[in-house]
Asker: 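There's a structure below that I have some questions on.
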Amino acid sequence: MSKSGHKIRLYNTLSKAKERFEPIDPDNVRMYVCGPTVYDYAHIGNARPAIVFDVLFRLLRQTYGADHVTYLRNITDVDDKINARAARDFPGVPLNEAIRKLTATTERQYQDDMKELGCLDPTRQPRATENIDEMIAMITTLIEQGHAYEAQGHVLFRVASFRQGEQTRYGELSHRSLDDMIAGARVEVAPYKKDPMDFVLWKPSDDDQPGWDSPWGNGRPGWHIECSAMSRKFLGPTFDIHGGGIDLSFPHHENERAQSCCANGTERMARIWMHNGFLQINGEKMSKSLGNFFTVHELLHGTKFGGRSWPGDVLRLAMLTRHYREPIDLSVDRLTEAERMLERWKRAMAASGLDFVEANRGACEALGPCSKLLAALSDDMNMAGVLTHLHRHAKASESGTRLHNAQRLFGSLNLLGIVSFDSMKNWQEATEKLQENADVDVEKITVAIAQRKAALAEKNWAEADRIRDQLASEGIRLTDSKDTETGERITRWEVVK
RNA sequence: GGCGCGGUGGGAGAGUGGUUAUCCAGCGGCCUGCAAAGCCGUGUACACCGGUUCGAAUCCGGUCCGCGCCUCCA
């Protein structure tokens, strides 16, 4: 049971069912998510797992306490794509230096992008190149225990050795049998493999490739081993949640799991395996060849998508308008709808008496989510249910119990990382600034409103409308409302951009 | 070829063996001198064909269509 009383249920790819989430250690809930390979700007598809698991991170922090959750997201900075890109972008520079430059810049871009999307920093973001020793140690163990073998400078994992008695365990996660995989394999099998499914743990490096000394000569790790080595180092042999995109379930996660269980002598690597669905653009798979490939940076700052840029909070909300396990279609319509929703919520909060000034920071940040919303979120992150409750609070804060619902709305949006005290403060200041900076004569407007009020009192509709139209032509919009107590007409004005 | 996922009203998107999802748009009404905003009400929806059932969009079988993975990929 969580400290705040709600029960979290999560869908486990391994069991193909929603499971009650029971942390191994409630004082240290541990989650590992596969992070980026830093060779280029993150594309918008990369943003989905970052956002989805950030929401889960926030839910876990809310449930078990902010100091009782460890979220690890790795940085893959050794990879053949990186080598190729470094050589291309930094010709004439020694490869190691070129790689360092490339990965450092790309990683910085990634961090900036994710921050703009409202993602908290994971607890740790270990780099592969800083944990080569741990990988070598793990590979050594695997060889010693007969789970791996050396062949022509390569070290390969013996897939058939991941078993329980007579029962092979390889394929349990992605739910496919070894026979199926071999039958359906379309890749040529390297001659040094004893079995077609065996995969690389370590491979030799040429002089023009990054390499590290190892018992098997100068070489570099295979892709899968880094996650096994780093998760063990920072989270231990068995942890609570392993996340990533659905495309990673095979072979990456299958391989990770085989390596870790064999090397650690454990039955399980992670208790729950979670996978987010793929992102599409206007109904098509995003790919460079289709010309519908967009980076997070382009969406945030460029004009390639829909002819304009999109704020991080809008992108985040749009990304959360579909259940994380389903494919999501990103389109201008979806973004526009998210933007309108968000705009309405912000207006509702501001109009309901929440004032985002520094003096209120502590009180605002202490506001929590509504319990029904939390229950929906805890049900395998049922965002549709979450959105329903957000709408309810927005509606109620516009009409009924205003302040209370605005507080719930803020507390909920804040939990989801869609708004924060600072983002609302900036929004509020920007709105005020728009009024202040606009080239308007407040005195004149005040007089005009008074004149219109007088005209209205005489039921001189024509004159009243003329004044309103005149102001409208100057970019000032008047809106009337009634004082709920006295019934008196209240006229507000705002600058229309 | 193998494995898997999905097809819900004009659009988005949940859920569920019998009871309003929700949001946007539309329509009707309230409020308003009129606007704007807001409020209330409103939809022949659940790919197709069979089967189980008192009752299925929800369970079972089949068909069609779309998609993903099996190769770097979030």
Side-chain angles (χ1 to χ4, degrees), chain A residues 13 16 33-37 39-40 42-53 73 76 79-82 84 171 174-188 197 223 243-254 275-280 283-288 296 318 320-329 331 333-334 336-338 340-341 344-345 347-348 351 376 379 382-392 394-400 455-462 464-465 468-469 472 477-482 487 489 491-492 494 496:
Chain A
T13 305
K16 296 168 91 170
V33 175
C34 291
T37 301
Y39 69 102
D40 201 350
H43 63 249
I44 189 65
N46 291 312
R48 175 115 105 138
I51 292 171
V52 163
F53 291 105
R73 187 176 64 199
T76 299
D79 183 275
D80 289 352
K81 281 196 296 283
I82 293 175
S174 50
H175 303 288
R176 51 187 92 194
S177 75
L178 269 177
D179 290 345
D180 290 342
M181 286 186 270
I182 292 164
R186 296 195 310 226
V187 254
E188 221 173 295
M197 293 312 295
W223 175 37
I246 185 68
D247 55 310
L248 292 181
S249 62
F250 187 89
H252 184 52
H253 292 161
E254 195 72 67
H275 294 97
N276 63 271
F278 239 67
L279 177 137
Q280 297 186 310
E284 288 182 307
K285 180 173 175 167
M286 181 168 70
S287 72
K288 285 179 181 165
V296 175
L320 293 173
T321 52
R322 180 123 161 113
H323 188 90
Y324 76 92
R325 277 191 276 125
E326 301 297 327
I328 191 172
D329 188 23
S331 63
D333 280 353
R334 188 186 286 277
T336 308
E337 195 175 333
R340 272 204 230 125
M341 249 187 250
R344 183 182 173 185
W345 291 340
R347 265 189 284 125
D379 181 15
N382 182 351
M383 281 304 300
V386 166
L387 288 173
T388 299
H389 290 106
L390 291 174
H391 286 302
R392 293 224 168 105
K395 190 172 279 203
S397 73
E398 279 163 339
S399 53
L456 288 169
E458 295 165 15
K459 296 201 190 293
N460 186 349
W461 313 130
D465 289 352
R468 187 169 62 192
D469 292 345
R477 179 163 64 203
L478 297 188
T479 50
D480 294 337
S481 60
K482 231 200 287 192
R489 180 191 295 258
T491 302
R492 291 201 177 83
E494 63 183 321
V496 185

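Atom set for the values below is all heavy atoms of this structure, side chains included, hydrogens, waters and symmetry mates excluded. So that the names make sense, note that chain A is the first sequence line, chain B the second, and so on, each numbered from 1. Fair warning: this is a prediction, and the values are worked out from it, not measured in the lab.
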Asker: Report the distance from atom CZ of Arg322(A) to atom P of rG11(B), rounded to the nearest whole Å.
Answerer: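 One finds 14 Å between P of rG11(B) and CZ of Arg322(A), rounded.
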Asker: Using the P atom as the reference point in each nucleotide, state the distance between rG15(B) and rG7(B) in Å, no decimals.
Answerer: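 Each nucleotide's P atom is 10 Å from the other's.
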Asker: Please check the phosphate of rA37(B) (OP1 and OP2 only) for any side-chain N or O of Arg347(A) closer than 4.0 Å.
Answerer: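 No, outside the criterion.
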Asker: If you measure from the C1' atom in rU22(B) to the same atom in rG17(B), how many Å do you get, rounded?
Answerer: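 It comes out at 22 Å once rounded to the nearest Å.
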Asker: Is there a donor N/O on one and an acceptor N/O on the other, under 3.5 Å, for the side chain of His43(A) and the base of rA74(B)?
Answerer: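 Answer yes: a donor N or O sits under 3.5 Å from an acceptor.
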Asker: Could you check whether the side chain of Asn382(A) and the base of rG15(B) have a donor-acceptor pair of N or O atoms closer than 3.5 Å, going by distance alone?
Answerer: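 When only heavy-atom distances are counted, Asn382(A) does not reach the base of rG15(B) through any donor-acceptor pair under 3.5 Å.
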Asker: Arg392(A) side chain: which of rC67(B), rA21(B), rG6(B) is closest?
Answerer: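 Of the candidates, rA21(B) comes closest.
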Asker: Is there a side-chain contact between Leu456(A) and Trp461(A) (heavy atoms, below 4.5 Å)?
Answerer: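 Yes, side chains in contact.
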Asker: I want to check something: taking the side chain as every heavy atom from C-beta on, are Leu387(A) and Thr321(A) in contact at a cut-off of under 4.5 Å?
Answerer: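 The answer is yes, as the side chains (C-beta and beyond) meet within the 4.5 Å cut-off.
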Asker: Both distances below 3.5 Å, Watson-Crick or wobble geometry, any strand: find the nucleotide opposite rG50(B).
Answerer: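 Checking every strand shown, rG50(B) finds its partner in rC60(B), with both distances under 3.5 Å.
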Asker: Distance check needed: rA37(B) C1' versus Leu478(A) CG, whole Å only.
Answerer: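 So the CG-C1' distance, Leu478(A) to rA37(B), works out to 13 Å.
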Asker: Quick one: on RNA chain B, does Trp461(A) or His391(A) contact a more 5' nucleotide (nearest heavy atom)?
Answerer: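 The residue whose closest nucleotide sits nearer the 5' end is His391(A).
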Asker: How many Å lie between CE on Met341(A) and P on rG13(B), as a whole number?
Answerer: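 Distance, rounded to whole Å: 11 Å.
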Asker: rC23(B) phosphate, OP1 or OP2: any side-chain N/O from Lys395(A) under 4.0 angstrom?
Answerer: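 Yes, such a contact exists.
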Asker: Roughly how far apart, to the nearest Å, are rA12(B) and rC59(B) at atom P?
Answerer: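 Roughly 23 Å separates the two P atoms.
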Asker: Tell me the interatomic distance from Arg325(A), atom CZ, to rA74(B), atom P, rounded to whole angstroms.
Answerer: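 Whole-Å distance recorded here is 21 Å.
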Asker: Rounded to whole Å, how long is the line connecting atom OH of Tyr324(A) with atom C1' of rG13(B)?
Answerer: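 These atoms are roughly 17 Å apart.
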Asker: Round to a whole Å and report the spacing from CE of Met383(A) to C1' of rG13(B).
Answerer: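 Going from Met383(A) (CE) to rG13(B) (C1'), I get 12 Å.
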Asker: Would you say the side chain of His389(A) lies within less than 4.5 Å of the side chain of Arg392(A), judging by non-hydrogen atoms?
Answerer: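 Sidechains of His389(A) and Arg392(A): in contact.
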Asker: Should rG26(B) form a Watson-Crick or G-U wobble pair with both distances under 3.5 Å, which nucleotide is its partner?
Answerer: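 Per the H-bond distance test, rU42(B).
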Asker: Could you check which of rC24(B), rA21(B), rG33(B) has an atom nearest any side-chain atom of Leu456(A)?
Answerer: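 The nucleotide sitting nearest to the side chain is rG33(B).
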Asker: Go ahead and name the base partner of rU71(B); Watson-Crick or wobble counts if both distances stay under 3.5 Å, otherwise write none.
Answerer: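 Base partner found: none.
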Asker: Which nucleotide in the set rA74(B), rC73(B), rA35(B) lies at the smallest distance from any side-chain heavy atom of Leu279(A)?
Answerer: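 The answer is rA74(B).
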Asker: Taking the side chain of Glu337(A) as heavy atoms from C-beta outward, which of rG11(B), rA35(B), rA21(B) is closest to it?
Answerer: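 The answer is rG11(B), which lies nearest to the side chain.
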Asker: Do the side chain of Arg322(A) and the main chain of Asp329(A) share a donor and acceptor less than 3.5 angstrom apart?
Answerer: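 Such a contact is absent between Arg322(A) side chain and Asp329(A) backbone.
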Asker: For rC5(B), give the paired nucleotide (Watson-Crick: N1-N3 plus N6-O4 or O6-N4; G-U: N1-O2 and O6-N3; both under 3.5 Å), or none.
Answerer: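 Pairing partner: rG66(B).
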Asker: Which whole-number value in Å describes the distance from Gln280(A) CD to rG7(B) C1'?
Answerer: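 These atoms are roughly 13 Å apart.
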Asker: So does Trp223(A) get a side-chain nitrogen or oxygen closer than 4.0 Å to the phosphate oxygens (OP1/OP2) of rC73(B)?
Answerer: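 Answer yes for this pair, as a side-chain N or O of Trp223(A) is under 4.0 Å from OP1 or OP2.
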Asker: Can you tell me how far P in rC48(B) sits from the matching atom in rU53(B), rounded to whole Å?
Answerer: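 Rounded to whole Å, the distance is 23 Å.
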Asker: Does the side chain of Thr13(A) come under 3.5 Å of the side chain of His275(A) through a donor N or O and an acceptor N or O?
Answerer: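 Present: a donor and an acceptor within the cut-off.
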Asker: For rG6(B) versus rG26(B), give the span between their P atoms, rounded off to a whole number of Å.
Answerer: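 Each nucleotide's P atom is 34 Å from the other's.
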Asker: On the side chain of Arg176(A), is there an atom forming a donor-acceptor pair with the base of rC70(B) - under 3.5 Å, no angle test?
Answerer: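 No, no donor-acceptor pair under 3.5 Å.
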Asker: Looking for any heavy atom pair under 4.0 Å, which part of the strands does Gly45(A) touch: base, sugar-phosphate only, or nothing?
Answerer: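 The residue Gly45(A) makes base contact.
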Asker: Tell me whether Phe278(A) is stacked on the nucleobase of rG68(B), counting only the six-membered base ring and applying the 5.5 Å and 30° thresholds.
Answerer: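 No, aromatic ring not over the base.
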Asker: Think Arg344(A) has a side-chain N or O under 4.0 angstrom from the OP1 or OP2 of rA37(B)?
Answerer: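 For Arg344(A), the contact criterion (side-chain N or O under 4.0 Å from OP1 or OP2 of rA37(B)) is not met.
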Asker: Between rG62(B) and rG2(B), how far apart are the two P atoms, rounded to whole Å?
Answerer: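 Here rG62(B) and rG2(B) have their P atoms 15 Å from each other.
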Asker: Report yes if some heavy atom in the side chain of Leu248(A) is under 4.5 Å from a heavy atom in the side chain of Cys34(A); otherwise report no.
Answerer: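 They are in contact (side-chain heavy atoms under 4.5 Å apart), so the answer is yes.
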Asker: According to the Watson-Crick and G-U wobble definitions, with both distances under 3.5 Å, which nucleotide is paired to rG17(B)?
Answerer: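 Here rG17(B) is not engaged in any pair, so there is no nucleotide opposite it.
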Asker: By nearest nucleotide on RNA chain B, pick out whichever of His175(A) and Asp247(A) is the more 5' one.
Answerer: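 Taking each residue's closest nucleotide, the earlier one in sequence belongs to His175(A).
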Asker: Does the structure show a Watson-Crick or G-U wobble partner for rC34(B), both distances under 3.5 Å? Name it, or say none.
Answerer: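 Its partner is none (no Watson-Crick or G-U wobble pair with both distances under 3.5 Å).
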Asker: Expressed in whole Å, how much space separates the C1' atoms belonging to rG4(B) and rG10(B)?
Answerer: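 My reading of the C1' atoms in rG4(B) and rG10(B) gives 32 Å.
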Asker: Please work out if Thr321(A) contacts a base, only the sugar-phosphate, or nothing of the nucleic acid, heavy-atom cut-off 4.0 Å.
Answerer: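 Sugar-phosphate: the residue Thr321(A), judged by heavy atoms under 4.0 Å, touches backbone atoms but no base.
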Asker: Choose from rC34(B), rC5(B), rC69(B) the nucleotide whose nearest atom is closest to any side-chain atom of Phe250(A).
Answerer: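 Within the option list, the nearest is rC69(B).
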Asker: Could you measure between the two P atoms, the one in rA45(B) and the one in rA21(B), and give it in whole Å?
Answerer: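 Each nucleotide's P atom is 11 Å from the other's.
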Asker: What is the nucleic acid contact for Arg48(A), judged by heavy atoms within less than 4.0 Å: base, sugar-phosphate only, or nothing?
Answerer: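 Arg48(A): no heavy atom of the nucleic acid under 4.0 Å.
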Asker: Met197(A) CE to rC3(B) C1': how many Å, rounded?
Answerer: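 It works out to 12 Å between those atoms.
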Asker: Is the phosphate of rA12(B) approached by Arg334(A) (side-chain N or O, under 4.0 Å from OP1 or OP2)?
Answerer: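 It does not, given that no N or O in the side chain of Arg334(A) lies less than 4.0 Å from OP1 or OP2 of rA12(B).
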Asker: When all nucleic acid strands are considered with a 4.0 Å heavy-atom cut-off, which category describes Leu387(A): base, sugar-phosphate, or nothing?
Answerer: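 If one applies the 4.0 Å heavy-atom cut-off, Leu387(A) turns out to touch nothing in the nucleic acid.
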Asker: Within 45° of the axis and under 6.0 Å from the centre of the six-membered ring of Phe53(A), does NZ or CZ of Arg73(A) qualify?
Answerer: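 Geometry flag: not set, cation outside 6.0 Å or 45°.
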Asker: State, yes or no, whether a side-chain contact exists between Asp79(A) and Tyr39(A) at a heavy-atom distance under 4.5 Å.
Answerer: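 Sidechains of Tyr39(A) and Asp79(A): no contact.
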Asker: If you check every side-chain atom of Pro49(A), which of rA74(B), rA14(B), rU22(B) has the closest atom?
Answerer: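 Looking only at side-chain atoms, Pro49(A) lies closest to rA74(B).
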Asker: Determine whether a donor-acceptor pair (N or O, by modelled atom type, separation under 3.5 Å) exists between the side chain of Asp379(A) and the backbone of Asn382(A).
Answerer: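 Flag not set: sc Asp379(A) to bb Asn382(A) has no pair under 3.5 Å.
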